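Small disclaimer: the values here were computed from a predicted structure and weren't measured.
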Amino acid sequence: MKKRFMTGVVAAVTALAMSVSALAAGSIVGTIDMPKASTDKGTISLEPVAPGTYDDDLQKVVDEMNDAKSSASVKAAFDGNLPSSLAYYTEKGLEVKGYDISGYKFLSPVMNLGVTGVQASAGNLVKVTFVANNMTDGMIVDILYYCAEHGWEVVKGVRVSGNQVAAYFHSVSAGTPVSLIYKMAAANGGNDNNGNTTTGTSKGNGTAVSPKTGQNSMIPVAGMAVVLLGIGAFAVVRSRKEI
């Protein structure tokens, strides 16, 4: 009976240890918060990307980005699939060809954004507002988006509040990849119409704070592992005393 109990404890602790290890690896999915979204036109949905959501080539790129470490840069997460040229769009339209995404990291996983009931165009932009509670002061938040017309592009984010950022889309569909991405500024600011970082007015000393992610979910799992290890150790000591 004692042997079976100890076997069960060891199996449980091993499974928890593997879970802690997987969480420690910190892939984008599972460690970075999913935001919420609303739109001024049509009906919106924002969901995790399921297997087979897109065609094979696009799905492969999206899966590789979501499998990247949460600390990876956006550029590195493309894993060699980065287009030779990315366009940067603002509410006024195309502002930069060949936009440099160096310095950007992920504020959200790559998600499946769907907007239906509206025909977006350059003359009929669709405003999408994202709520991301892991945004912090000093972040310049933009949107990485796969446009059905132009492929991968970056859409300028406009900070609405401390945890909200809006973007204006000239093309939307029933489902396409989208991710909130960010880079840090020395002080609170944003991107000008050329896609350059501006500093704006700083608060305090302008020191940037890293975004809070879902990695705190490791704490309860690790705690349970410690508890089970303690129970196992107590059982071993007790069984030795009885011998």
The test is side chain to side chain contact (heavy atoms under 4.5 Å, CB included); show your working for M135 and R159 and say whether it passes.
CA-CA 10 Å; M135 279 197 294; R159 289 289 285 265; 3.8 Å; yes

Return each pair, listed once, that meets ring-ring contact (aromatic ring centres under 6.0 Å, His included) where at least one residue sits in residues 39-76; pairs must be two or more places apart or across chains.
none

According to a 4.5 Å side-chain heavy-atom criterion applied to Ile, Leu, Val, Met, Phe, Trp and Tyr, with indirect links allowed, do [X] and [Y] form part of one hydrophobic cluster?
X: V158; Y: V96; result: no
X: V154; Y: Y168; result: no
X: L82; Y: I28; result: yes

Looking at [atom1] of [X] and [atom2] of [Y], how far apart are the two atoms once the value is rounded to the nearest 0.5 Å?
X: K183; Y: D142; atom1: NZ; atom2: CG; result: 7.0 Å
X: L107; Y: I140; atom1: CG; atom2: CD1; result: 13.0 Å
X: F130; Y: L46; atom1: CZ; atom2: CG; result: 6.5 Å
X: M111; Y: L144; atom1: CE; atom2: CG; result: 10.0 Å
X: K75; Y: D100; atom1: NZ; atom2: CG; result: 5.5 Å
X: L113; Y: Y146; atom1: CG; atom2: OH; result: 15.0 Å

Shortest non-hydrogen separation from S179 to P109 and the atoms involved
OG-O, 3.5 Å

What are the two closest non-hydrogen atoms of T53 and Q59, and how far apart are they?
N-OE1, 2.9 Å

Sub-3.5 Å donor-acceptor pair from the side chain of [X] to the main-chain atoms of [Y], do we have one?
X: S108; Y: L180; result: yes
X: N134; Y: I32; result: no
X: N112; Y: P177; result: no

Mind jotting down which residue pairs meet the salt bridge (Lys or Arg N to Asp or Glu O under 4.0 Å) criterion with at least one end in residues 56-65? Sequence neighbours excluded, please.
K60-E64

May I ask you to decide if the ring planes of Y89 and H150 are parallel, tilted or perpendicular, using 30° and 60° as cut-offs?
parallel

Tested for ring-ring contact (aromatic ring centres under 6.0 Å, His included) against W152, the lone hit among Y99, F78, Y145, Y88 is F78

